[in-house]
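Reviewing the structure listed below.
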Amino acid sequence: MNAVLRQLTLEEWDSHYAELARQGLREPAYGGPLRRHVEQEHDLRLSQLRFDPSPAALRLWNFLLTENHRLRIARFHGDKLVGAMKDLGTVPVLAYALPGVRAFYPDGAWWTPCLMECSDRLLQQAETLGIDASFCPVRAMLGAFENEQHFPLPDLLVCSAGAVCDDFSAIAQRLEHRGHPVLWWEIPRRRLPEPGEASCALPGGLFAPQAQVDCVREELERIAVALGILAGCELDLPRLQNGIREANRVRAQLGELRHAVYAAPGSPLPALEMLIAEMLAIHFCSDREECLEILADLTTEARHRAQTRQFIAGENAARVFWINPVADLRAMNLLEACGGRLCGTDFMFTHALDLIPEDLPGLDALARIALADPMAGSALDRARRIVLECRKSRAEAVVVSRIPGASHCPWETPLIQDFVREQMGLPVVEVEIPPVCDALIPALRTRLQAVMEIAWSRRTI
Amino acid sequence: MKIFYSSPWVPAEWIKAHGFEPHGIWSAAADPTITKPEGVCAFAQQFPAFLKTFPHTALILTTACDQMRRAADIADRSQARVFLFNLPATWQTPSVQQLYLSEIERLGRFLVKLGGRAPPPEELETVMLEWDRRRQTLRDLLPRVRPRQAAELLMKFFDDGTVPALLPPTPSRGVPLALIGGPILQSQLDLLDRLESVGGGVVLNATEPGERCLLPPLPPRLPGQRPIVVLANHYFAHSIDVFHRPNSRLYNWLATRLDERHVRGIILSAHVGCDLWRAEAASLREAFGLPVLLLDEHEIRNVGPRDLTRLGAFVESLR
């Protein structure tokens, strides 16, 4: 017998929080009721979301929503801040290997227009700087650099270039033209080694020519030197190996959480919280140790629920593999509302989920991780991994979430759709999610429900 | 066999030296029946089906932009005659320069697989010197002819490597303008005539394949240096493009010429869906203090009445 756990509105969390506090809820320094993020930070979108009711999820949300504040405190205490851009998971491993250095992704500002329901006017500000709605919502980052109202300006800005999406590259270049110096590093487009060419195994079952790995390693050496200068101490091998081990602890913990949630008969945690939890992997939300504890808490919660058969989405929910992150967090709530649940994901940073090889010299290992980025290789490579994951997770449907304006989506979406259909015959639906998707919700709901119905109907075949 | 290449930074000399006919893709007639999915660049959209339109040829695409890189994903799925050339975005380090050289060598292996012959160094050098001589002829001719004619000379050079020996001078008149941007196709060159008809004269064509794509003279080869290394270093050091990070080489190149030629306005030509060029509009305005008109290249076709009116108003405001 399943017990279905109900997700809470913000209002319901108010009273729930009061009750938890009465029962002696213990929270970290950044803790508190979710409501304050609406009142103090104007994170108006929270009023439209449905949240997991656990203290572990509360801690996750508070961790996410206080990141800018925590970064300012860290700077006040003397930490150096690194703005890593685009690589999603590689440069932060280097940065956190050094004492007194924190890395964050200014890219993360792409969720600010959603959270603040566009009251931040970041998108409009980007438009006045020549970056209009034909670009992906990550253009919000440009406005955030200009008005300095969100994240603190980093002491060092690092960005990967080469096999990256055009939107991001163009926006980062615009940022440099606006007077924010960028340390660029090359990530070549990953290709298969040719016959007779020295080959290298990458995480995720991929391969690349040794020459590409060597090139990226040398590029990362440059970044490591710059980070060492910033930190005032060399990023030597022992520090780097220790940094990799710590990053792997986070990745391993996230792996356990994903297994606990995606492999369970019902869904012990909602899709929305899983999206955020997975996002922590890329830069630990600016606090590696705390990030690890949060993921451990969520894992404990998920396991407990699975053992006691308490699910957010029951065993009948259609098992959905979700591709790409959504610009509006509310879209993830729709999944359960339409009768689905997550069984696997590719939020564009599967290389940040894979364990970094610890038996290799640190920079070599990180070069391999960087090259395993799904966005650095062919869309077919990405589709192959998706199919493998769909098979493993017994997916019944696939949702491809398009990012408005993103240069990769118009090309890779049909290719991934066709490949998944050819290989597995699964129903695939494509949705496009803008930063505030309210006006599209009826259409999104219809599309998602349609794919769930197809998934359910296939069970009887 | 014709080998089409999609970027001026793929050395045509290398293709020629392997016994093939290098052809820049800008002169190839695009298939007008191809439908363009939302968000797809009009230039890149022609590539997946290119080899169906031009059978018995091969196609070299590059990683200069995400759109082209992903067009190669689609083309590559069904075609064995597609080569994706990894053009580095950065240009500051020896490791990236080495990557570029290794891509040229890899291209050589691809050409040999297609039936080409790996050129002995002296043969490659002969082709390099011949191409260098032709570039010099072009450099001499370009300032003396009308913008349309200059663009056609460049188009022809990048199409089949030929340049005419001599042309009568036909100087340009009108408000001096710079035409900056990405790929311009043969079918779009009417833009230059239209600009002249409304009183504008393009004194700097920094599109592709424009003057921006014309390499400076080859340096002398050092003793013991392989010709392929000279070729790779020359292309690597002098490629001027928007996709570079940082793209300061583009801005430095423009700054000198905009000043020398007393340019009074910039027309930025960008294909719909081309983020890399479109994003530069504001930076160009800020960097040079000149008015910038952003011209969307909607499709592979000529300038329409609406764009002509915009161009006319732009030139009028600069008089």
Side-chain angles (χ1 to χ4, degrees), chain A residues 128-132 134-136 139 159-174 176-178 181-182 184-189 191 194 197 209 211-212 214-219 221-222 375 377-381 402 404-415 419, chain B residues 36-41 44-45 48 62-74 76-77 84-96 98-99 102-103 106 109-110 242-248 251 272-287 292 294:
Chain A
T128 63
L129 294 167
I131 304 295
D132 62 18
S134 65
F135 292 82
C136 132
R139 68 188 187 279
C159 186
S160 55
V164 302
C165 54
D166 289 340
D167 303 77
F168 197 92
S169 186
I171 294 164
Q173 179 62 73
R174 183 79 184 103
E176 188 169 64
H177 284 310
R178 294 292 299 169
V182 177
W184 305 94
W185 61 282
E186 187 78 25
I187 179 79
R189 194 263 194 191
R191 64 172 174 84
E194 293 180 347
E197 192 176 19
Q212 286 195 330
D214 292 344
C215 173
V216 175
R217 190 190 60 242
E218 287 176 34
E219 289 295 278
E221 274 170 14
R222 282 197 301 126
M375 309 310 285
S378 91
L380 204 56
D381 279 353
R402 276 178 63 146
S407 59
H408 50 96
C409 287
W411 293 99
E412 67 177 357
T413 302
L415 194 147
F419 192 76
Chain B
K36 186 169 89 71
E38 188 185 332
V40 167
C41 158
Q45 69 159 338
T62 75
T63 59
C65 69
D66 201 20
Q67 296 259 358
M68 205 185 305
R69 191 166 66 239
R70 292 179 182 281
D73 288 348
I74 309 279
D76 192 38
R77 228 189 144 190
L84 181 60
F85 190 107
N86 198 333
L87 275 180
T90 56
W91 43 270
Q92 302 90 329
T93 59
S95 63
V96 172
Q98 178 58 37
L99 185 68
S102 68
E103 282 297 287
R106 192 169 70 87
R109 294 194 290 274
F110 172 77
V242 72
F243 70 88
H244 285 136
R245 293 294 174 264
N247 59 19
S248 47
Y251 277 74
V272 172
C274 174
D275 296 328
L276 296 180
W277 278 108
R278 176 174 288 272
E280 295 301 321
S283 294
L284 287 168
R285 204 173 284 127
E286 289 164 5
V292 175
L294 177 61

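Throughout, protein chains are lettered first and strands after them, A, B, ... in sequence-line order, and every chain is numbered starting at 1.
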### Task
Tell me, out of B:Arg285, B:Arg106, B:Arg278, who's got the most heavy-atom pairs with chain A below 4.5 Å.
B:Arg106
### Task
Calculate, to the nearest 0.5 Å, the distance between atoms CD and CH2 belonging to B:Gln92 and A:Trp185 respectively.
14.0 Å
### side-chain contact (heavy atoms from CB on, under 4.5 Å) assessment of A:Arg191 paired with B:Leu84
CA-CA 9 Å; A:Arg191 64 172 174 84; B:Leu84 181 60; over 6 Å; no
### Task
Please flag which part of B:Ala287 lies under 4.5 Å from any non-hydrogen atom of chain A: side chain, backbone, both or neither.
neither
## Note on the structure
Of all heavy-atom pairs linking A:His177 and B:Ser283, the shortest is CD2-OG, 3.2 Å
### Message
So which residue, A:Arg178, A:Gln212, A:Glu197, ends up with the most heavy-atom pairs under 4.5 Å with chain B?
### Response
A:Arg178
### Query
Is it true that A:Glu176 and B:Arg245 make a salt bridge, defined as a side-chain N closer than 4.0 Å to a carboxylate O?
no
### Query
Is chain B contacted by the side chain of A:Arg402, its backbone, both, or neither, given a heavy-atom distance below 4.5 Å?
side chain
## Note on the structure
CG (B:Asp275) and SG (A:Cys136) are apart, to the nearest 0.5 Å, by 9.0 Å
### Region of B:Asn86 in contact with chain A, defined by heavy-atom distances below 4.5 Å
side chain
### Query
At their closest point, which heavy atom of B:Pro246 faces which heavy atom of A:Gln173, and how far apart are they?
CA-OE1, 3.3 Å
### Task
Going by the side-chain hydrogen bond (donor to acceptor under 3.5 Å, both in side chains) test, name the single residue among A:Glu221, A:Glu186, A:Glu219, A:Arg222 that passes it with B:Thr93.
A:Glu219
### Query
Which atoms form the tightest heavy-atom contact between B:Leu99 and A:Pro188, and what is the distance?
CD2-CB, 4.0 Å
## Note on the structure
When the 4.5 angstrom heavy-atom criterion is applied to A:Val164 and chain B, the contacting part is backbone
### Message
Less than 4.5 Å to any heavy atom of chain A: does that hold for the side chain of B:Phe243, its backbone, both, or neither?
### Response
neither
### Query
Any idea which heavy atoms bring B:Ala279 and A:Ile131 closest together, and the distance?
CB-CD1, 3.7 Å
### Message
Any carboxylate oxygen within less than 4.0 angstrom of a Lys/Arg side-chain nitrogen, looking at B:Glu286 and A:Arg174?
### Response
yes
## Note on the structure
Here the pair of heavy atoms bringing B:Thr90 nearest to A:Trp184 is CG2-CB, 3.9 Å
### Query
Taking all atoms of both residues into account, what is the closest heavy-atom pair of A:Ala379 and B:Asp73, and its distance?
N-OD2, 2.9 Å
### A:Asp381, part contacting chain B, at a heavy-atom distance under 4.5 Å
neither
#### Entry: Top contributor to chain B interface from A:Ser407, A:Gly130, A:Ala161, A:Cys409 [non-hydrogen pairs under 4.5 Å]
A:Ser407
### Summary
Sorted by chain and residue number, the salt bridge (Lys or Arg N to Asp or Glu O under 4.0 Å) partners of B:Asp66 (sequence neighbours excluded) come out as B:Arg69, B:Arg70
